[in-house]
Participant: 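Quick one: the structure is below, questions incoming.
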There are 2 protein chains.
Amino acid sequence: MDPCDSKNMLQEKGIKPSLHRMKILEYLIEKKNHPTVDMIFRDISGEIPTLSKTTIYNTLTAFVENGIAQAITIEDKEVKYDATVDNHAHFKCTKCGNIYDINMDTKIISIKTLSGHIISERHLYFKGICKLCQKKK
Amino acid sequence: MDPCDSKNMLQEKGIKPSLHRMKILEYLIEKKNHPTVDMIFRDISGEIPTLSKTTIYNTLTAFVENGIAQAITIEDKEVKYDATVDNHAHFKCTKCGNIYDINMDTKIISIKTLSGHIISERHLYFKGICKLCQKKK
DNA sequence: GTATCTGCAAAACATTTGCAATTCT
DNA sequence: AGAATTGCAAATGTTTTGCAGATAC
């Protein structure tokens with residue numbers, strides 16, 4: 001991924017593009033692996049030796065606040081992050097714990113109001129056994 | 001709620017009905033307020049002065065394992081619990097933080113397999129501003 | 001030079017665990 | 001007595017916070 005792209009994305013969303021922030025964003029976009037803070041730390045602290053977890057926490061919080069990433073909290077102690085923010089669903093395998101993106105417009109649930117509540121976000125996730133774990137048997 | 005009902009529910013699911021377990025189950029069923037462990041502790045430790053949080057944790061874990069309750073983990077540090085286990089959706093108000101039950105069969109998403117993954121559970125939740133918070137303005 | 005960003009260490013907080021005390025049959 | 005249940009205190013692990021040092025403009 002071109003570092004200029006991540007730089008532009010950050011600037012568009014009003015976040016100053018520091019080296020750390022760019023690297024973290026590029027990691028999220030390239031890997032699409034719904035990483036935890038710890039995974040990000042392990043995977044890129046080689047490239048940026050001084051990187052601290054505090055910075056990763058700060059950065060991800062800023063990303064979520066500015067609509068660059070979303071936090072995924074599916075029955076886990078650790079929060080996972082996803083740089084794909086448009087409407088899509090997730091699938092979590094109960095065996096391996098992996099999370100998969102499911103391309104599905106969650107707006108199929110098309111109501112705007114529900115029992116008088118105004119809906120602004122729809123979240124949809126599935127649980128089951130993933131393709132790979134089925135083969136492993 | 002008749003204590004005999006909670007007693008029977010527990011026995012049907014293979015859990016020995018102790019006083020503590022019955023009280024916690026009755027609380028969940030009567031209040032339907034998606035409480036955290038802490039809320040349960042605050043609300044019923046008056047009735048059962050010796051009650052400890054450890055017991056509440058143990059009890060809720062047993063309930064979830066035996067299909068008596070489900071854990072709700074919507075973007076919060078603390079896990080919330082719900083004794084309604086049939087398919088229904090949740091709505092979380094981003095202002096007051098309350099969680100509402102939405103009577104909706106989540107099986108409207110009727111697929112059994114998705115990208116080769118076998119689906120066993122469907123979870124659906126909405127976020128927005130609840131009826132009450134709209135009025136408060 | 002001032003504001004922002006970063007990193008360390010400590011604090012905070014929910015949950016789990018080990019083990020001893022209690023209760024129930 | 002024997003087995004299950006409960007409760008306390010300590011441990012665990014993630015996230016937050018305070019503050020000092022580094023960096024950028």
Side-chain angles (χ1 to χ4, degrees), chain A residues 3 6-7 10-11 13-27 34-66 68-82 97 99, chain B residues 3 6-7 10-11 13-27 34-66 68-82 97 99:
Chain A
S6 57
K7 190 170 177 179
L10 290 170
Q11 284 175 328
K13 299 285 186 172
I15 297 177
K16 285 188 189 168
S18 72
L19 173 68
H20 293 185
R21 290 169 181 167
M22 283 166 58
K23 279 286 177 206
I24 293 171
L25 179 56
E26 286 161 23
Y27 177 90
H34 312 96
T36 61
V37 166
D38 204 61
M39 285 164 70
I40 299 175
F41 181 76
R42 286 203 312 268
D43 288 349
I44 66 181
S45 62
E47 278 182 85
I48 311 174
T50 65
L51 183 66
S52 78
K53 281 192 188 176
T54 303
T55 298
I56 302 177
Y57 278 108
N58 289 339
T59 300
L60 291 172
T61 301
F63 284 5
V64 171
E65 280 172 359
N66 291 280
I68 284 186
Q70 66 173 309
I72 306 176
T73 53
I74 306 185
E75 292 147 44
D76 260 319
K77 211 171 247 181
E78 293 172 85
V79 178
K80 299 182 169 68
Y81 291 88
D82 187 348
I99 292 189
Chain B
S6 57
K7 191 171 178 179
L10 289 170
Q11 284 176 329
K13 299 284 187 173
I15 297 177
K16 285 189 189 167
S18 73
L19 173 69
H20 293 184
R21 288 169 183 166
M22 283 165 58
K23 279 287 177 204
I24 294 172
L25 179 56
E26 286 161 25
Y27 178 89
H34 311 96
T36 61
V37 166
D38 206 59
M39 285 164 70
I40 298 175
F41 181 76
R42 287 202 311 268
D43 288 350
I44 66 181
S45 62
E47 277 183 86
I48 311 175
T50 65
L51 183 67
S52 77
K53 280 193 188 176
T54 305
T55 297
I56 302 177
Y57 278 108
N58 290 339
T59 301
L60 291 172
T61 302
F63 284 5
V64 171
E65 280 172 359
N66 291 278
I68 284 186
Q70 66 173 310
I72 306 176
T73 54
I74 305 184
E75 294 147 43
D76 261 319
K77 209 173 250 183
E78 294 172 83
V79 179
K80 298 183 169 69
Y81 292 88
D82 188 348
I99 292 189

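The basis for the numbers below is simple: all heavy atoms, side chains too, and nothing from hydrogens, waters or symmetry mates. The sequence lines fix the lettering, A, B, ..., with proteins before strands; numbering per chain opens at 1. Since the structure is predicted, the reported quantities are computational estimates derived from the model, not experimental observations.
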Participant: Taking only the side-chain nitrogens and oxygens of A:S18, find out if one of them lies under 4.0 Å from OP1 or OP2 of C:dC5.
Facilitator: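 A:S18 to C:dC5 OP1/OP2: no side-chain N or O under 4.0 Å.
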Participant: Please list each protein N or O that sits under 3.5 Å from an N or O in nucleotides 19-25 of chain C, with the distance.
Facilitator:
none

Participant: Calculate the interatomic distance between A:F41 atom CZ and C:dT6 atom C1'; express it in whole Å.
Facilitator: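 That distance rounds to 13 Å.
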Participant: Once side-chain hydrogen bond (donor to acceptor under 3.5 Å, both in side chains) is applied, do any residues pair with A:Q70, and if so which ones, sequence neighbours excluded?
Facilitator: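 Partners of A:Q70 under the side-chain hydrogen bond (donor to acceptor under 3.5 Å, both in side chains) test: none.
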Participant: Could you state the CG-P distance from A:L10 to C:dC5, rounded to the nearest angstrom?
Facilitator: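 Between P of C:dC5 and CG of A:L10: 11 Å.
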Participant: Taking only residues two or more places apart in sequence or in another chain, which ones pass salt bridge (charged side-chain N to carboxylate O under 4.0 Å, His left out) with B:D43?
Facilitator: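 With sequence neighbours excluded, B:D43 shows a salt bridge (charged side-chain N to carboxylate O under 4.0 Å, His left out) to B:K31, given in chain and number order.
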Participant: Over how many whole Å does the gap from B:L19 atom CG to D:dT6 atom P extend?
Facilitator: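 After rounding, the reported distance stands at 8 Å.
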Participant: Would you kindly give the CZ-to-P distance between B:F63 and D:dT5, to the nearest whole Å?
Facilitator: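 Interatomic distance, CZ of B:F63 to P of D:dT5: 12 Å.
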Participant: Using every non-hydrogen atom in the two residues, find where A:M22 and A:P17 come nearest and quote the distance to one decimal.
Facilitator: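 A:M22 and A:P17 have their closest heavy atoms at SD-O, 4.0 Å.
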Participant: Would one find a side-chain N or O of A:H20 under 4.0 angstrom from OP1 or OP2 of C:dT6?
Facilitator: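 Yes, A:H20 has a side-chain N/O under 4.0 Å of OP1/OP2 on C:dT6.
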Participant: List the residues meeting ring-ring contact (aromatic ring centres under 6.0 Å, His included) with A:H34, not counting sequence neighbours, and say none if there are none.
Facilitator: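 Here the qualifying residues are A:H90.
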Participant: With sequence neighbours left out, write down each residue that passes salt bridge (charged side-chain N to carboxylate O under 4.0 Å, His left out) with B:K7, or none if nothing qualifies.
Facilitator: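 B:K7 satisfies salt bridge (charged side-chain N to carboxylate O under 4.0 Å, His left out) with no residue once adjacent residues are dropped.
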Participant: Look at the side-chain N and O atoms of B:S52 and state whether any lies under 4.0 Å from the OP1 or OP2 oxygen of D:dT6.
Facilitator: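 Checking B:S52 against D:dT6: no side-chain N or O falls below 4.0 Å of OP1 or OP2.
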Participant: CG of B:D76 versus P of D:dT15: gap in Å, rounded?
Facilitator: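 It is 13 Å, rounded to the nearest whole Å.
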Participant: Within the 4.5 Å heavy-atom criterion, are A:I72 and A:V79 side-chain neighbours or not?
Facilitator: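 Sidechains of A:V79 and A:I72: no contact.
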Participant: Using the test side chain to side chain contact (heavy atoms under 4.5 Å, CB included), find all partners of B:S45 that sit at least two apart in sequence or belong to another chain.
Facilitator: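 Counting only residues at least two positions away or on another chain, B:S45 forms a side chain to side chain contact (heavy atoms under 4.5 Å, CB included) with B:F41.
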Participant: Going by the rule salt bridge (charged side-chain N to carboxylate O under 4.0 Å, His left out), which residues pair with A:K53 if we only count those two or more places apart in sequence or in a different chain?
Facilitator: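 Once residues adjacent in sequence are excluded, the partners of A:K53 under the salt bridge (charged side-chain N to carboxylate O under 4.0 Å, His left out) criterion are A:D38.
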Participant: For A:N58 and D:dT14, what is the distance between atoms CG and P respectively, to the nearest whole Å?
Facilitator: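 Those two atoms, CG and P, are 18 Å apart.
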Participant: Could you tell me which residues satisfy side chain to side chain contact (heavy atoms under 4.5 Å, CB included) with B:S18, sequence neighbours excluded, listed by chain and number?
Facilitator: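 Expected list: B:H20, B:R21.
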Participant: Taking only nitrogen or oxygen atoms into account, show me every contact under 3.5 Å that the protein makes with nucleotides 13-16 of chain C, one pair per line with its distance.
Facilitator:
from	atom 1	to	atom 2	distance (Å)
C:dT15	OP1	B:V79	N	3.0
C:dT15	OP2	B:Y57	OH	2.8
C:dT15	O5'	B:Y57	OH	3.3

Participant: Please round to the nearest 0.5 Å and tell me the distance separating atom CD of A:E78 and atom OG1 of A:T36.
Facilitator: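 OG1 of A:T36 is found 4.5 Å from CD of A:E78.
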Participant: Could you tell me the separation between the CD1 atom of A:I40 and the P atom of D:dT15, rounded to a whole number of Å?
Facilitator: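 So the two atoms are 11 Å apart, to the nearest Å.
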Participant: Once you round it to whole Å, what is the distance between C1' of C:dT6 and CD1 of A:I48?
Facilitator: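 The answer, rounded to whole Å, is 12 Å.
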Participant: State whether A:T55 places a side-chain N or O below 4.0 Å from either non-bridging phosphate oxygen (OP1 or OP2) of C:dT6.
Facilitator: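 For C:dT6, OP1/OP2 do not have a side-chain N/O of A:T55 under 4.0 Å.
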Participant: I'd like a table of donor-acceptor pairs (distance under 3.5 Å, sequence neighbours excluded) in which one partner is a side-chain atom from residues 56-65 of chain A, with atom names and distances.
Facilitator:
from	atom 1	to	atom 2	distance (Å)
A:N58	ND2	A:T54	O	3.4
A:T59	OG1	A:T55	O	2.7
A:T61	OG1	A:Y57	O	2.9

Participant: Considering residues at least two apart in sequence or located in another chain, which fulfil the salt bridge (charged side-chain N to carboxylate O under 4.0 Å, His left out) criterion with A:E75?
Facilitator: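 With neighbours one apart ignored, the set is A:K127.
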Participant: Restricting both atoms to N or O, compile the protein contacts to nucleotides 19-25 of chain D shorter than 3.5 Å, with distance only.
Facilitator:
none

